[in-house]
> 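Once you've had a glance at the structure underneath, I'll fire off some questions.
The figures that follow rest on heavy atoms only: side chains count, while hydrogens, waters and symmetry mates do not.
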Amino acid sequence: QREIEQFLQHPAWSGSAWDTLGYTGGAHFWRVTLPSGVTDTQLDAIDCVLQAFKPAHTVLVLRSTTCSGGGAPADLVISDAVSYDFGSVAAGAGATHVFDVTNIGLGSASDVNAFVLSGPFRVTSRPSLAIASAGYATVGVEFGPGSVGPFSTYLTVEYCDGTQRVTTTRLMTGTGT
């Protein structure tokens, strides 16, 4: 924990806060709350730096502080029915899948973020920060088992629906062979 505290005290994260999401799959998960007004371009730059210099076995989930707007709420859904099965993948290899995240609500979703909380699954591409009504974005996920056996976790998409922070999930499974 001390290592991540020192890491997040860097001046680039001024106005940011962090909290722990837990420890699972050999990794610590932290949520980094960025100051309001962060753009997609700024978030990409921050994400690149965070991923390059973060302490080992640490996963960071980024989000901004604002959640307001009012009006009709956004409602995001993730493609691939109730669950997505990556099937059998050789230990040490990887398989990827791209999920569509569609806004079926009448309002825009903002501060959109995607994450998984356990390995051997990882988000390889994140959605845009905002998804308009009837719009969609994509989230890439990789399943890369390091050992033999069944694995499962949830892809979580967190967003502001116009009035509050909400999440939607999709179960993902895979077998290391």
Side-chain angles (χ1 to χ4, degrees), residues 1-8 13 16-34 43-44 46-64 74-104 109 111-129 131 136-161 165-177:
Q1 182 171 340
R2 177 171 284 291
E3 197 173 30
I4 194 72
E5 287 173 2
Q6 290 173 342
F7 177 69
L8 293 174
W13 324 134
S16 299
W18 59 273
D19 60 310
T20 183
L21 295 176
Y23 180 84
T24 184
H28 296 278
F29 290 82
W30 301 90
R31 181 188 328 261
V32 180
T33 304
L34 303 168
L43 184 60
D44 286 341
I46 291 168
D47 191 42
C48 285
V49 171
L50 285 172
Q51 299 311 324
F53 297 104
K54 68 181 173 61
H57 307 295
T58 303
V59 176
L60 300 170
V61 177
L62 301 177
R63 73 170 187 181
S64 71
D75 186 9
L76 300 185
V77 294
I78 304 171
S79 64
D80 296 291
V82 177
S83 67
Y84 179 79
D85 185 6
F86 281 87
S88 295
V89 177
T96 59
H97 182 71
V98 176
F99 293 90
D100 290 332
V101 179
T102 304
N103 184 352
I104 62 171
D111 192 22
V112 181
N113 197 7
F115 57 93
V116 294
L117 291 182
S118 64
F121 300 87
R122 70 182 186 95
V123 172
T124 58
S125 63
R126 63 178 184 75
S128 301
L129 281 176
I131 303 174
Y136 79 97
T138 59
V139 177
V141 176
E142 179 181 45
F143 171 57
S147 60
V148 173
F151 298 92
S152 66
T153 193
Y154 286 90
L155 168 62
T156 300
V157 175
E158 179 183 55
Y159 63 100
C160 175
D161 73 353
R165 296 208 60 78
V166 293
T167 60
T168 185
T169 61
R170 177 64 59 237
L171 176 64
M172 300 179 299
T173 60
T175 303
T177 56

> Find the distance between CZ (Phe151) and OG1 (Thr175) and round it off to the nearest 0.5 Å.
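Answer rounded to 0.5 Å: 8.5 Å.
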
> Identify the two heavy atoms, one from Thr177 and one from Val148, that lie closest to each other, and give their separation to 0.1 Å.
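Taking Thr177 first and Val148 second, the nearest heavy atoms are C-CG2, 3.8 Å.
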
> What salt bridge (charged side-chain N to carboxylate O under 4.0 Å, His left out) pairs are there with at least one residue in residues 114-124, not counting sequence neighbours?
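Every pair satisfying salt bridge (charged side-chain N to carboxylate O under 4.0 Å, His left out) with a residue in residues 114-124: Arg122-Glu142.
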
> What residue among Val101, Thr168, Ile78, Leu171 forms side chain to side chain contact (heavy atoms under 4.5 Å, CB included) with Leu155?
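Going through the options one by one, the only one that passes is Ile78.
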
> For Asn103 and Asp75, indicate whether the former's side chain and the latter's backbone hold a donor-acceptor pair under 3.5 Å.
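Such a contact is found between Asn103 side chain and Asp75 backbone.
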
> With sequence neighbours left out, what residues match Val166 under side-chain contact (heavy atoms from CB on, under 4.5 Å)?
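Expected list: Tyr159, Asp161, Gln164.
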
> Where is the tightest heavy-atom contact between Pro145 and Val89, given as atom of each residue plus distance?
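Distance-wise, the nearest heavy atoms are CG-O, 3.6 Å.
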
> Would you find a donor on one side and an acceptor on the other, under 3.5 Å apart, between the side chain of Thr124 and the backbone of Gly140?
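Side chain of Thr124 to backbone of Gly140: a pair is present.
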
> When the ring planes of His97 and Tyr84 are compared, do they come out parallel, tilted or perpendicular, using 30° and 60° as the limits?
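Plane angle under 30°, so parallel.
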
> Using 0.5 Å steps for rounding, measure from the OG1 atom of Thr153 to the CZ atom of Phe143.
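Result: 11.0 Å between the selected atoms.
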
> List the steps, then state whether side-chain contact (heavy atoms from CB on, under 4.5 Å) holds for Asp80 with Met172.
CA-CA 10 Å; Asp80 296 291; Met172 300 179 299; over 6 Å; no

> Heavy atoms only: give me the nearest Tyr136-Thr102 pair and the separation to one decimal.
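Shortest heavy-atom separation between Tyr136 and Thr102 comes out as CB-OG1, 3.8 Å.
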
> Quick check for you: to the nearest 0.5 Å, what is the distance between Phe99 atom CZ and Ser125 atom OG?
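Between atom CZ of Phe99 and atom OG of Ser125 there are 11.0 Å.
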
> Return the minimal non-hydrogen interatomic distance between Val98 and Thr138, and the atom names on each side.
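For Val98 versus Thr138, the nearest heavy atoms are CG1-CB, 3.5 Å.
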
> Sub-3.5 Å donor-acceptor pair from the side chain of Arg170 to the main-chain atoms of Ala81, do we have one?
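Yes; at least one donor-acceptor contact below 3.5 Å.
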
